[in-house]
Amino acid sequence: MLASFLLASCADQWNDHYEATPKEMEGISNETLFTYLEGEANYSAFVALLKETGLAEELNKSNIYTVWAPTNDVMPDLSGYSIEEKRLIARSHVNSIALYETKLSDGKMIKMLSGKNFTLTKEGDTFFLDAKPLANGQVCNNGVVYVLEGAILPKMNLLDYLLNSGETYSTFRRELFARTDTIFDLDNSFPLGFNEDGNQVYDSAFIYDNPILNKATIGDENRDFTMFLPSDAVIDAALSSHADYLSRPLSAYDSLFYMDWILQAVFFAGRLEPGELNTPGPNSLFSVNSREWRTDKQTLDETKEETSNGNVYKVDVLYIPRNLIAKSIEFEFVKTYLTDFTADEQARFFTLASLTNAWYDYLWNGKHYLSHNSTGEGTGSDGVYTGDLSVSAILFEKNRFGVYVPATLSPGDYEIWVSTRPYQNPTILVTLNGRRVGELPVGTAQTHDGVLRTVGTVTITPEESVQPIVVKLMRYKGGDGRLIVHAFKIQPMSTEY
Amino acid sequence: MNHMLRYIYVFLLSLAGASPLIAQEEIKGTVVDAVTRQPVEGAYVLLGVHAVETAVDGTFAVLADDKVFTIEVSKPGYHTAYLQALKGKKLHVSLQPESTLLYNPALLLPLGTVPVERKGGTTRTLGQDQLLRTGATPDQALHGKFAALRVLSKGGMPGEGAFVQKRGIRSFTAANSPLIVLDGMPYLPDEGESSIINGSSRNMFMPINTKDVKNISFLTGADAASYGSLGANGVLLIETEQSSIRGTSVEFHTVDGVGFVPRAFPLMDRAAFVNYISDIGETRFSDLEALVGQFPFLRDDESYQQKYRYIFGYDTDWQKEIYSPALSTENVLKIKGGDAIANYAFSVGYLYDRGVMDYTNFNKYYTKVNANISVTERLKLFASMNFDYNEGRLHEQGMKPQTNPALAAMYSAPVVGIHAKTLQGVTTGRYDTWGVTTFGVSNPVAAVDDILGSNQSQDILVNAGLTYNLNPRFSLNAMVGLYYDYLKESIFLSGRSSHAVAPTMDGIAENTVRKGVQENFNLYFKFGGDYSKQFNEAHAVEVNAGMQLLTTRHEQDVAQGINTTSDFYKSLGSTTSFGRSLTGNIEGWNWLNFFARVAYDYKDLLRFTAGLSADGSTSSGERSGYFSLFPSAQLAWKLNHLNALSGLTWMDDLTLRAETSLLGNSRFSPKLSRYYYSNKMLGELTGLVRAGLPNSQMKSETNRLHDIGLDFSAWGNRLNLSVDLSSEVTDGMVLPNAIGPAYGFEYRYENAGKLQTDAIDASLQFSLVRNSDVDWIVGGTLSAYRTIVKSLGDVNERRVEFSDGAVLLSRVGEKPYSFLGYRADRVIASRGEADRLLLSTHTGLPFEAGDMLFHDANPDQVINASDRVILGNPQPDFYGGFFTRVRYKAWSLSADFTYSHGNEIYNVQRRGLESMSTFYNQARTAERRWTYDGQVTDVPRAAHGDPKGNSRFSNRWIEDGSHVKLKNVTLSYHHPARLWFFHDARFYLTGDNLWIATKYLGQDPEFAWSYDNAMLGIDQGKLPPTKALQLGVQLQF
C-alpha cells in the first residue's frame, strides 16, 4: 500500500509539474483563438467575416497570432465590399506573433497578415491601434485576442491605387507595367521532379523586375512614396506639345524615350505635402529614379489622396524637359582621327583653303593636330581673312550603330567652346551655321594647354535642329601667325529645362 | 580511562559466572538443525584428538582436551560450527544448513576469514547470494547492502560504475572513498574526473568482476585499524573465489539483456515552441520585422518563403532520436580444479554493453586466475592475477548543449529536422544545420553520430604470497602485489565540415581534438606474523603484527587542439597552433605502515581487541615527524553465552559491542606539504619553476570513531539484527587557508578543520516463512546520520562557487556543502503588486509583474547576494535498502529496493529547461509562464538574457531527492540436479532500476557526477541509470 501510494505520488508530482496548464489557470483559455472567438457572442460579426474570408482555418493552425477583434457594435456593414476587400479587412485584424499585454509599447509598428502596418500608440494607460482604443487581452493557446473598439478598414497602397485607377490612367499604368521583366527565381522555386526530357520541373516562383518599380517599391507597405499621376490626356498633351517644340512628329523611339522620362520622374520618396508641390520659381524635386521635376514648369492638382503607403497627386500639365535630347558634342581636330574618314568624306568635312600645302601635321602631346601657317593681316571687312587660315567643319557624331552621321541638335540655347593654339596671338573668330558666335579673347597666354575656352552662345532654331551643323574657325585680327585647332565643343546652356 | 576499563572488566567477569574446572571431564551437548530445530544425528564432533558422532537424539559427549579448547561440529550439508569447549556446561549446537538462504557463515577480516560467530566489530560480510544480481563490477551489487556504505549509480553511460562511500563526509581535500582491498592487496585506483570526456569518470572496481566474488566485507573503525591512515573511509575487503573442491568443475554463465530508453523530459512541441519563441523573441528584438527575420517560421502569410516551409516545417521530438533500446551480453567461463597440493580457479569473460544513447558502448575482456599451492604442510603459496582490457565509446555529459547529445536533444528546436533537404526537396544524408545557425544548439543526431569519444584502458592486478606455519600457533606471511592501470582517452568534437555541431570556446573552436593518457602504478609489500594461543578453556590470545608498504606513481598527459582543416582530419597534428595546449603531471605517493593487534578471548563471552598502527606517507611534511599513531580498542560481550541466558536455546547470538579507534586519512596530494616543480614558458624559453607553498608540518587527518553496537540473531538465524550507534570526528582536516599576498600564493593548506558525523546504522533480516518448500525473507538496512562542521580553521564558513551562481556553503555548526542561494516565494502576479513591493535587482532593475518574488532577507528592497539563505543539503537524513526474497521449491523471486530520504538535489538540468532566457527549447512548464497582468502562476515570464535573474540559483531548483527505488528484481529457477549434461543449472530473469517513487523532477534522483563528494546532489545532466531486463543462465558441467 505504501508502495502504491508512493507510485501515485511520484507520477502525480512529475505530471503536475510538467503539465503545461494546470487545472486552475485563471484567465488563460486553453482553446485556439478561433474557438475562443466563436464562443464569445460579442464577436459574431467578426467571426462571420473570418469564416467568410478563410482566416478561420488559419487561426486554428499551430502558428501564433494576435487577433485585434472588433466587437459587433463597432463592426461596420461590409455587405457592399468584394470578397477581396473583405479578405483584406479580415487580414488587417490579425498579425503573426503573439503580442502579450506586456509586449505592447508606444510606437510599436505591427504588421498585419494583410501586410498593412499599423502603429500602436499610448495615451495614459490606454493603447490605441490605428487610433482605435484597445482593451482586455485574452490569452489563448495559440496567441492572444484584444478587443479593438473600432474596425480597421485598411487603405489601399499605391500599387493597389494604381491598379484600381481606371481607364483615365491606362496609358501610365500600361507603360509602367510593360517595363516588367519576369525572372525565374531558382532559389525560391520548389522542385517537383523531372519531366520526360530529364529536365527539372519546378513549382515555379518568379521575381518581377521592373527598372522603375525596383526603386519605387510602391507595393511595399514598409516604405512611403508620393506618386504624381498623369492621366492619358495629360500624357498625350505633353507629347504633342513637345512634338510642336521639336517641329517634327515624334518617332516611336522618341515616344519611348519620353515615356521613360515620365515614368521615372513621378515617384518620390516619402509623403510630399501639397505645400511642397507647386512652389513658384525654379525649384526642383528629384524622383527616386533621379529625374528632375521642376515645380515651375510642371503643374499639379494639389488635392492630396492618401494611401496606406503614400500620397497621390494628379498631374494637370506635364512638361517634357527640353534638355532631354539636347546634348553636347565635343570634337577633336586630330589628324589620325580625321583619317578614319575617306578622302571624299574629308573633303566634305573640311572646307579648307589649301589643305594640301598650307595645313600640316602638328604633333603635340602624342597627337597629330592640324596646323596652318600664314602671314599678313586680314583684308576683308571687319578685318576678316576671307581666303586662307580658316577651318570649317560639319560636326559628326556616332549613331547607336557606330556609324558617323552628321550631328543635329535640338532647338535651344547652346554654349560654344574652343581650344586652339594660335601662334603670335591672333584672334580667332568662330561662326556656326554662318552666324557669328564670338571671338577667342585676345592676349591670353596662347599655349598648348588643351583647355576649352568659352566663345559665346548660340540659339539653334527649330528649323536648324534638323540640319547638319557647320562650324568655322578663322584667324581674325593680328599679324603673321599659325592656327592649330585642338577641339570644339557645343553644349546646351545649363539653365535649360 | 584505564580505571574505567578495569571496572567494566571486573563487572563483566562477575556476570560471566565462572564455574569450577574439572580435568578430563566429558563435554556434553546437543546438536540440532537450526532450521527445523530437530536433533541432528551423525554430526561429527571434534575436540583436539577426540571425535564422536551425535546420537539419534542429537546428543554427544566428547572427552575434553588439555590443549585444544575449540569444538568443531560438522556434517555434510551443514555449515561447520565452532564453539568453546566449556566444561560442566551443556552445549547447544545449532547447525545451520548450507541451503539456508542469505546466510554467510564467514566473516572476512584483514587477517583472513573467520567464522561469523567471532564477530567483534562492525564488520559484516556478504556472500555472493546476498549481492545484487546486477552490474559487472561489485560496486553495483552493493546498493543498500551495507548500512554504512552509500552506493549511488553514477549514471547510465556504459562502464561508469557506482559512487561508493562510507556515509557522511570526512574530508574536504583528501579522498573520501573507501580503500579497496582485493584478495589482501590494497590498491589506489584513479578516482579523478576525465579531462578529456566531460562528465566521465572511471570505475574504481574495474579490475574486479562480480561473478568472481566470494565475499565482501565493509570494515570501519577498529576492524580497519591495521590500515592506519588509509582506513578512515572504511575498507572494502573483497575475496574472490578459490577452488574449494577436488576435481575439476566448469561453469558457464551468460547474461543477455536489453536496456530501455530513459524517461524523456516533457518538452514543448512545435506549437508551444513557436509561441514561446514569439514571446521571448520580442524581449530580444524590439522590432518585429527583425524577429521574423531571425525566426521566419513565426510568420505564415504570403511573404513566407517556400524554402522556410521545409527548413522549419517539422515537429521533431529530439529526445526520441538519440536513444534506442540497447543489448548487452556478458559471458563468463569459470574453471576450478586441482588437488590437495595445488588448486586453481580461473575465469575468463567478455562483456558487451551497448548504451541506450546511440553510439555508446562498452566492451570488457577480462580474466582472472587464483592459485593455491601447499608446498609442505607448513608452507603455502598463493598467487592471483587479474587482467582486464576495456574499450568504450562514450559521449560527453553535463551542461554543454554543444557536445552533450542528451542536452542538445532537450534544447533543440522542434521546428527543425534531422537532415538537410536539397533544393530538390530530397532529404540528404547531411545533417541539418539550421538548429545551429538559428538557435545555437547542435543537431543532436549529428552530435551523437559525429562526436567521437572513446577510451581504452587496461588493468593488471597481480599479487602473490606465502604463509609459513612455524608451529600451530605461530605463522609468518608475506605478500607482494602490483597494480598497473593504463588509460587512453580521446574525443573529437566535430563541426567544422558539417556545421551541424555547434562550435565551442565561444564560437572559436569549430572542431576540437582532445587526447590523453594516464598511468597508475602501485606496488605493495606486506610482511607479518600471527600468533595465537589458547591457554585454557577460558583464556585465548591472538596476536598479529606486521608491516606494509605501498608505493604509487600516477602520471597524466592531456593534449588539446582546435580547428583541424576539416572534420576528416581528427589528429592533434592537424590542429592549428592557436588553441593547442598540453598539460600533464606526475605524482608519486608512498605509504609505510607498521601494525600490531592483540585479541583476548574469555570463555567465548568476552572478546577484547587492541590495535596500534604507526604509519607515514608522502603527504606528511618534513617537520611533521612523519609517523602518526593510530590506536584502537574493541570489546565484544556475547550475552547469549551468559549462564543466565544459556537456557534460551532459540537465541543464536546476542552481542553488545563497544569500540573506539583513531584512524587517519593521508590520501591527499604531497604537493600540499612539499615543493614541487612545474615548467613555465617565458617567450620561447621554458624552465622549471618551484611551485606551491608547502606546509612542512602537514600530517594526515585523523578520524576518531566511537561505536556502540548490538548484534542479535535468533531462531536459527531466522532473525538477524545489527544496530550501531557511532560518533566520528575528523580532526586536522586539510583545508586551504588564506594567506597574505606577500607569499605570492592565495592559499596554504593546513590541518585546520573538524567535522563530526553521528550515525545510527542498522541492518535487519528476518525469515517470515522457512520450511523445505518455502522461504520468505525480508530485510533491509538503515543509516541515519548527520555530518556537522565543527571547525574550519580561522574562518567561520567556506564556499565552493560555481559559474552558474550555485554556492556550496560549509559553515561551522551546519552540514557541509549546503546549498546557498535565493529563496523564491512566488511570481509577482500584477503591476499593482510589483508597485507595492518596489523590489529591485542589485543593478537597480525593478522587479515587475511576471518576475519572481525573491525573499528579501535583509529588508532593504534590493535583492542581492546578502539575501541568500541555506536551501538544503545533498546529504540524506537516512538512506538504505530493503529487500524481500521468496523461494518456492526451485523458484525464487527477489526484489531489492534502495531508498534515501531528506537529501536535496540541485536540478541543474531542469534549471536549463525552465530558465526561459534563451531560444533553446524548454520544458512544458514554460507553457504556463506568466504572460498577462494579474495572472497567478508559478512560472515567471520569459525574458531573453534574464535581466532580472528570475532563473538565478534559488530554491526553484533545489528539490527533494527522497526516493524509493526498485533497484533489482530477479526471478530465478534453480535446478540443482543433473539436467542433460549439466550438474547444476540456474536460470534467471532480472530487472534493474525498473521502478522508482520520488517527487524529484529530474530523470532520476540517483546519480553521481564523479567520485567527488562536493558534486553529490548536483544533477547536471548525467545519463540516468539504465532500466534493463536481463536473462541469465548459469550452468555447471
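Reminder, nothing fancy here: chain letters follow the sequence lines and each chain counts from 1.
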#### Entry: Heavy-atom contact with chain A under 4.5 Å, split by part of B/Arg941
neither

### Message
What I want to check is whether the side chains of A/His17 and B/Glu914 have a donor and an acceptor closer together than 3.5 Å.
### Response
yes

### Query
Measuring from A/Ile64:CD1 to B/Phe273:CZ, what's the distance to the nearest 0.5 Å?
11.5 Å

### Message
Within the 4.5 Å heavy-atom criterion, are B/Arg263 and A/Trp14 side-chain neighbours or not?
### Response
yes

### Task
Output the distance between atom CD1 (B/Ile277) and atom CD1 (A/Ile97), rounded to the nearest 0.5 Å.
11.0 Å

### Query
Above 12 or not: heavy atoms from other molecules or residues under 6.0 Å from OH of A/Tyr81?
no

### Task
Using a cut-off of 6.0 Å, state whether more than 12 heavy atoms not belonging to A/Lys155 lie near its atom NZ.
no

### Task
Please round to the nearest 0.5 Å and tell me the distance separating atom CG of A/Leu104 and atom CD of B/Glu282.
9.0 Å

### Task
May I ask you to test the A/Lys108-B/Asp287 pair for a side-chain heavy-atom distance under 4.5 Å?
no

### Task
Any chance you could measure B/Leu298, atom CG, to A/Asn95, atom CG, to the nearest 0.5 Å?
11.0 Å

### Task
Taking the side chain as every heavy atom from C-beta outward, state whether B/Leu288 and A/Lys111 have any atom pair closer than 4.5 Å.
no

### Task
Taking all non-hydrogen atoms of both residues into account, name the closest pair between B/Ser278 and A/Ala98 and its distance.
OG-N, 3.0 Å

### Message
So for B/Leu291, is it side chain, backbone, both, or neither that comes closer than 4.5 Å to the heavy atoms of chain A?
### Response
side chain

### Message
Using heavy-atom distances under 4.5 Å, tell me whether B/Phe265 contacts chain A through its side chain, its backbone, both, or neither.
### Response
both

### Message
Can you tell me how far apart CZ (B/Arg299) and CG (A/Leu113) are? Round to the nearest 0.5 Å.
### Response
9.0 Å

### Query
Can you find a heavy atom in the side chain of B/Glu927 that is under 4.5 Å from one in the side chain of A/Tyr18?
no

#### Entry: Residues B/Asn275 and A/Tyr100: side-chain donor-acceptor under 3.5 angstrom
yes

### Message
Is any side-chain heavy atom of B/Thr931 closer than 4.5 Å to one of A/Thr102?
### Response
no

### Task
May I ask you to check whether over 12 heavy atoms, not counting those of A/Lys103, lie within 6.0 Å of atom NZ?
yes

### Message
How long is the straight-line distance from CD of B/Gln935 back to CD of A/Glu101, given to the nearest 0.5 Å?
### Response
10.5 Å

### Query
Are any of the side-chain heavy atoms of A/Gln13 and B/Thr998 separated by less than 4.5 Å?
no

